[in-house]
Each structure stands twice: as structure tokens, then as C-alpha cells.
Amino acid sequence: MARATIKSIAKKTGYSVGTVSNALRGAPSVKRETREEIQNAASELGYRVNLDGLKLRTNKSYRIAVLVSVSDNAADEWEGVEFTRILAGISDAVQGSRYQLSVFSIRDGDAALRTLHTIVQEGLADGVIFSGTRVNDQRIAYLQDKGFPFVTYGMSDSVEPHPYVDLDSQAAAFDATARLLALGHKRIALINPPDDLIYAHQRRQGYSDALSAGGIEFDPALVFPGPTTAKTGQRAFAALMRMRNRPSAIICANEAMTLGALSGAADMGVQVGRDVVLISNDDLKLSQYFVPPPSTYYLPIGETSRLLGEFMLKALDGVDPSETQKKIRATLIERQPDTPAPGTAQTN
DNA sequence: GTCCGCAAACGGTCAGTAGC
DNA sequence: GCTACTGACCGTTTGCGGAC
């Protein structure tokens, strides 16, 4: 059966293609009864707008590009699983609009920039969503230079404002560190994302601020940066536990790193919750299944990714970026006791 | 003023035609 | 038979104009 078009609806209803087009877009210039008649006919024929035809006329693709990072560092890892949830959230947000999602997998920063060039130059999408904002992010500079709508999952250091959704990483790291300090921990380590990521700086700053507020000197040896993978968590844990003055508490940047740290603890015969305490960041609530389940600072990924989609639609409508910036504070989920057994919390 | 039709326009593809 | 060119076509939007 041939695909329904405006022409076939015009033929079925007896109206011109122009009237059908206006009616389908809900134009007030079309009488309500006519509009309903045409919309009912469209529904009966299973009409869906043809994006190629739409692009032909409007020079817009009605597609939103989503860049998905597929890092070689994450081979044999679960990192990236959350992208399915992110895509689902964005998809929910754009449902009902004319926009559809196009997914582009990206291996590294250079590939991301090349892909953005292609998307912009070849008109493959009208807007783009991506995550993992970096210091002096060239992707953001390029898109701003081109005036191309975009939303980032993560803030940036760009002087020119742009739409974003982000976890307040600085506050999350500050809260986690302050919580551990209040519970008597003096040696607190931070397993952090790579240094070139903006949120790694924010986490480090929040951690450092909390230590300073608690009268504890910042020790760079207690900060372990690396890819946000279980492997990094495992290596970091082993390195930290080999220290002469080892930490009594460790803050992990995500669930994968926490899982790696737990695995490292099992390998070394270190009992988490007694010998050392872990605190994680969580967006999938998977930490509840870890043994033992750590306390986490939780950010609902469904809500944040829906916002990404909503902000994208607003950016495409030309809404001022100042109205499409959201920093979300994580909520603490308390699980295992965060205080080691008496006498085991170590001091400087 | 309301409602609707007409026709042009967009960029790429492909069939048809002319010339060699 | 090959190449070069022309024009119709695809689906949709939209400005303009006509009928009532």
C-alpha cells in the first residue's frame, strides 16, 4: 500500500493540497469542521509527515542529532549503559513534535568535532545534544561560531551562555566530603573522571572546598583521575590501599568506578563498611545491588534527559539560553553505615 | 472577514532527448 | 553507444488572490 501523502489526503477529502497542509498544521485559517475532516482522513490513511519533502521545502531536516560516546577505554565495561536511558528521555521529550532523533556514535574528541562538521555542513540535523563537556571545548566553540542550536549534558567554561543540563558536581562532591568529615573521617580519597572534563574540575573543587572548610589540608595524592570505568575504580582502590597512610573513605564519581573499587576490595581482602567506606554517585540506582550497597548521591537520569530534549526544542525555537540552563542537586540515598568500626578511621 | 485554491519554490534524481 | 543537457517529478509550505 502506497504511503499516505498530503496529495492522497487532498484526493480523498476533495480539498487542495494547500488546504490539507494548513489543516494538518492546525492553521486557524482553515474552518474547524474542515480541519477535523482532514485530520480524520489523515488518521484513517495513516499519514505521517514526509521529512524529505519537509526538508525540501523548509531546508530543515527536523532531526536532532545525539552524539553517543563509545570509548575504547570502556571495552568490556558497562560504561555507556545509561545512554539508552538518556535516549529514552530525550525521545519522550520530543514526542509530539515533528523532530526525530538521529544517533551518532563517537570514539574520541576529534571524531566528535569531525561529526559535528558533517552534521552542520550537510544539514543532517537541526540541532545536536552531546555530553562530556571539556575544558576549552572546541565542539562548543564551533557550534557557537556557526550559530547552530545545541544542548550539552554538562556545563562548560564558555563565556557565551548555551543551553545545558547538569548535575551540580561541585555541590555533590562537597556534600559527600563534608558528610564523611562530619562522621570522623580525616583521610578521604577522590576517584575522579579525567582532568580535561569540566565536571572533574567541579568535583575536585567541591572536594577541596569541603576539606578546607573542615580544616583538612588537601593532599593531591588522594585524588585519582581516570576514565569513568570499573577498571579505573579497581586500580585506584588498589593504589589507595597500598598507601602507607591510606584513606578511610573513598568518593567515587560513578557506579562503574564504585563497582571496580568493590572488586578491588574483594581482591585485597579489605572489608568495605568496616575497613574503608565508599560513597558513590548514581543515576541508575544500580548501586543498591552492590555488596555492600554504598550510600550514593543520586541524580534521576530520566528527568535530566527529558530536560535535554525539552531544552533542545526550546533552542530550536530560538529561546534565550539563559532560560534553558539547569543545574540539578543530587539527593543523598543512605545505605551502608558510613562510619568505619571504632578506631579504624585514620588521621593525618 | 473567512475560507479555500493556486502556484511557486526548495534540491536531488532520473528519464528523455539531442548531438556527436 | 556515449555524453551532455533539459525538464519533470517527488512532498511540503506559504504568499497571494478570488469567491462568498
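Throughout, a chain's letter reflects where its sequence line sits, starting with A, and its residues are numbered from 1.
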query: Which residues, if any, of residues 29-40 of chain A bring a heavy atom under 4.0 Å of DNA chain B?
result: A:S29, A:V30, A:K31, A:T34
field: Value rounded to 0.5 Å, distance of CD1 in A:I6 from OG in A:S21
entry: 4.0 Å
query: Taking NZ, NE, NH1 and NH2 as the nitrogens, is one of them in A:R85 or A:D283 under 4.0 Å from a carboxylate oxygen of the other?
result: no
query: Do A:Y207 and A:V223 have side chains that get closer than 4.5 Å, going by heavy atoms?
result: yes
task: For DNA chain B, find the residues of residues 50-57 of chain A with a heavy-atom distance under 4.0 Å and give them by number; none if there aren't any.
output: A:L56, A:R57
task: Return yes if a side-chain donor-acceptor contact under 3.5 Å exists between A:E37 and A:Y15, otherwise no.
output: yes
task: Return the angle between end axes of the helix from B:dG1-C:dC20 to B:dC20-C:dG1, with five pairs used per end and rounding to 10°.
output: 60°
statement: To the nearest angstrom, the CG-P distance between A:N22 and C:dG11 comes to 18 Å
- request: Output yes when A:E334 and A:R179 qualify as a salt bridge under the 4.0 Å nitrogen-oxygen rule, no when they do not.
  value: yes
message: Check this one for me: any side-chain N or O of A:R25 less than 4.0 Å away from OP1 or OP2 of C:dT14?
response: yes
Atom pair CD1/OG of A:I198 and A:S169 - distance to nearest 0.5 Å: 10.5 Å
Salt bridge flag under 4.0 Å for residues A:E44 and A:K12: yes
- request: Between A:N59 and A:G18, name the one whose nearest nucleotide on DNA chain B is closer to the 5' end.
  value: A:G18
Sequence-distant partners of A:Q234, side chain to side chain donor-acceptor pair (under 3.5 Å), two or more places apart: A:S263, A:D267
Non-hydrogen atoms of A:R306 and A:A93 that approach each other most closely: O-CB, 3.3 Å
message: When you compare the side chain of A:T133 with that of A:D157, does any pair of heavy atoms fall below 4.5 Å?
response: no
Connected via hydrophobic side-chain network under 4.5 Å: A:I328 and A:L197: no
- prompt: With a 4.0 Å cut-off, would you call A:R134 and A:D196 a salt bridge?
  reply: yes
message: Reading DNA chain B in the 5' to 3' direction, which nucleotide is the first one with an atom under 4.0 Å from a heavy atom of chain A, and which is the last?
response: B:dC3 to B:dG11
task: Return the orientation label for the A:F150 and A:F130 ring planes: parallel under 30°, perpendicular over 60°, tilted otherwise.
output: parallel
task: Using a cut-off of strictly less than 4.0 Å between a heavy atom of the residue and any atom of DNA chain B, enumerate the qualifying residues of residues 117-125 of chain A by number.
output: none
Below 4.0 Å: OP1/OP2 of C:dT13 and any side-chain N or O of A:S21: yes
message: Could you check whether any side-chain heavy atom of A:R98 comes within less than 4.5 Å of a side-chain heavy atom of A:R25, counting everything from C-beta outward?
response: yes
- request: Please tell me which of A:K7 and A:V17 maps to the more 5' nucleotide of DNA chain C, matching each residue to the nucleotide holding its nearest heavy atom.
  value: A:K7
task: Indicate the atoms forming the closest heavy-atom contact of A:L24 with A:A42, along with that distance.
output: CD2-CB, 3.6 Å
message: Mind checking if A:Y47 touches a base, just sugar-phosphate, or nothing, with heavy atoms under 4.0 Å?
response: sugar-phosphate
query: Hey, are A:E36 and A:N40 close enough side-chain-wise for a donor-acceptor pair under 3.5 Å?
result: no
query: Should A:R98 be listed as having a side-chain N or O under 4.0 Å from OP1 or OP2 of C:dT13?
result: yes
